[in-house]
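Convention: sequence-line order gives letters A, B, ...; per-chain numbering from 1.
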Protein chains: 2
Amino acid sequence: MNPITVFIVDDHFMVIEGIQAMLQNENDLQVVGHASNAASCISFLKQQQPDVLLMDINLGTESGIELCKEVKTMYPQIMILALSTFNQFSFIDKMMENGASGYLLKNAERTEITEAIHHVLKGGTYLSREVTDTMKAVEEGKKDKPALTRREKEILELVADGLTNQEIADQLFIGVSTVDTHRKNLLAKFNVKNTASLIRMAAKLQMI
Amino acid sequence: MNPITVFIVDDHFMVIEGIQAMLQNENDLQVVGHASNAASCISFLKQQQPDVLLMDINLGTESGIELCKEVKTMYPQIMILALSTFNQFSFIDKMMENGASGYLLKNAERTEITEAIHHVLKGGTYLSREVTDTMKAVEEGKKDKPALTRREKEILELVADGLTNQEIADQLFIGVSTVDTHRKNLLAKFNVKNTASLIRMAAKLQMI
DNA sequence: CAAAATCTCCTGTTTTTAGGGGATTTTTTT
DNA sequence: AAAAAAATCCCCTAAAAACAGGAGATTTTG
């Protein structure tokens with residue numbers, strides 16, 4: 001039986017080396033290459049399509065999140081395992097939305113990596129225990145974060161930038177009264193009574 | 001001549017593997033062991049003292065920053081090279097304060113690591129280019145943080161809590177006009193024109 | 001399709017902030 | 001002790017935001 005082919009994308013050279021070293025003795029897995037940026041990854045895939053991509057979500061200045069989407073669009077059969085130091089909901093969420101089949105933290109042991117690879121190849125989803133915990137914790141915490149509409153988010157940003165209602169209205173080509181209404185709704189949703197606490201809350205919840 | 005002995009402390013197994021792989025062919029360097037937490041590091045050092053310690057600043061729940069301090073207190077002759085994904089001033093600063101001789105990012109290449117090891121062994125300080133840039137940027141940025149008086153900080157807090165001038169005045173047993181004056185000064189010092197951007201700035205600068 | 005949500009705008013009133021000054025007392029620093 | 005900085009207070013005006021309540025138009029969704 002042919003070994004499973006693995007390609008590594010990570011801007012940390014030592015991580016590439018580390019994964020290679022760890023998978024060296026797995027005879028059903030074969031690392032067929034690696035890249036440290038999006039461009040050389042795409043370029044490799046044009047030549048050859050591995051079964052699994054181990055991908056760091058943070059590629060220096062580039063974003064693995066974008067790369068993930070691109071790769072999945074072009075080669076949907078390639079399974080992507082996200083690899084990251086960051087056990088943060090927003091990252092995990094975005095990666096999974098963009099088509100990743102699993103998310104591992106970089107403290108993963110050899111066995112976890114191989115298990116994950118086999119699991120995602122069977123079509124499964126593999127989230128490490130820590131990652132699962134984070135997802136759960138965030139779901140709990142979501143009660144605090146009011147659900148804002150697109151327009152409300154937009155206006156919150158502009159308010160945070162220090163624009164007055166008039167300026168916001170001009171920028172969005174809507175009436176001042178509309179902006180006023182949205183602000184009222186924002187205050188209500190955040191359950192606060194003025195701009196100061198609104199912005200404070202929004203900042204604390206990392207919404208601005 | 002005896003090779004330089006190196007010990008690795010990192011909770012990411014794949015990073016340990018990676019460094020080992022990278023240093024394997026350097027015949028004047030020898031990796032004599034590794035640890036994934038503070039306790040086993042200390043325990044190893046009781047048996048044997050390497051020349052250099054490559055140490056991740058983030059050891060899962062533990063802090064490499066503390067470990068650095070301990071090791072340097074017990075074995076000042078051991079040179080410590082901090083290793084981190086985070087190019088953040090606070091971490092860099094604390095590590096150097098705690099006796100580290102250098103700070104590398106995990107995207108370091110083989111040559112950078114070996115150069116750093118040799119350099120710190122000679123008593124030098126080795127900060128990677130990115131790290132140096134960050135340090136400089138922070139020094140620049142410090143000018144942004146306005147120096148507030150005690151009263152101003154107090155009032156900033158209360159404004160952020162959503163109190164009106166009247167409420168603040170009542171709470172601090174001062175007149176409304178005084179609060180007003182302080183707020184005007186706050187706006188001036190932050191160089192903003194309304195409460196929204198004031199709070200946003202203060203939040204960004206972690207002053208509230 | 002019908003219901004729900006979102007976005008839009010309106011008329012008012014009241015409260016709060018911002019902007020422009022000026023001035024005295026208290027505290028801190030040199 | 002003198003100078004500088006901080007804290008206190010006042011005036012006035014204008015602008016902005018908050019509060020109340022209603023309502024039509026457009027999307028989104030079940």
Across the strands shown, which category fits A/Asp180 at heavy-atom distances under 4.0 angstrom: base, sugar-phosphate, nothing?
-> base
Send over the distance from B/Leu198 CG to D/dA17 C1', rounded to a whole Å.
-> 16 Å
Quick one: is D/dA17 close enough that its OP1 or OP2 comes under 4.0 Å of any side-chain N or O from A/Asn165?
-> yes
Side-chain N or O of A/Thr195 less than 4.0 angstrom from OP1 or OP2 on D/dA18?
-> yes
Nearest-0.5 Å distance, OG1 of residue B/Thr149 to NE2 of residue B/His182 | 6.5 Å
Looking across every strand, which nucleic acid part, if any, lies under 4.0 Å from B/Thr164 by heavy atom: base, sugar-phosphate, or nothing?
-> sugar-phosphate
Might you confirm whether atom CG of B/Asn191 has over 12 heavy atoms from other residues, nucleotides or ligands at distances under 6.0 Å?
-> no
Please tell me which of A/Ala196 and B/Asn185 maps to the more 5' nucleotide of DNA chain D, matching each residue to the nucleotide holding its nearest heavy atom.
-> B/Asn185
Could you state the CZ-C1' distance from B/Arg150 to C/dT26, rounded to the nearest angstrom?
-> 12 Å
Are the charged groups of B/Lys106 and B/Asp10 less than 4.0 angstrom apart, N to O?
-> yes
Would you say the base of C/dG19 and the side-chain of B/Lys193 have a donor-acceptor pair closer than 3.5 Å?
-> no
Has A/Arg183 got a side-chain N or O lying under 4.0 Å from the OP1 or OP2 atom of D/dA18?
-> yes
Identify, between A/Thr181 and A/Gln166, the residue whose nearest nucleotide on DNA chain D lies closer to the 5' end.
-> A/Gln166
Using only heavy-atom distances, decide whether a donor-acceptor pair under 3.5 angstrom links the side-chain of A/Thr149 to the base of C/dC7.
-> no
Distance-only, no hydrogens or angles: does the B/Asn185 side chain make a donor-acceptor pair with backbone N or O of B/Ala188 under 3.5 Å?
-> no
Presence of B/Arg151 side-chain N/O under 4.0 Å of D/dT8 phosphate oxygens OP1/OP2 = yes
With distance as the sole criterion, do the side chain of B/Ser177 and the base of D/dC11 form a donor-acceptor contact below 3.5 Å?
-> no
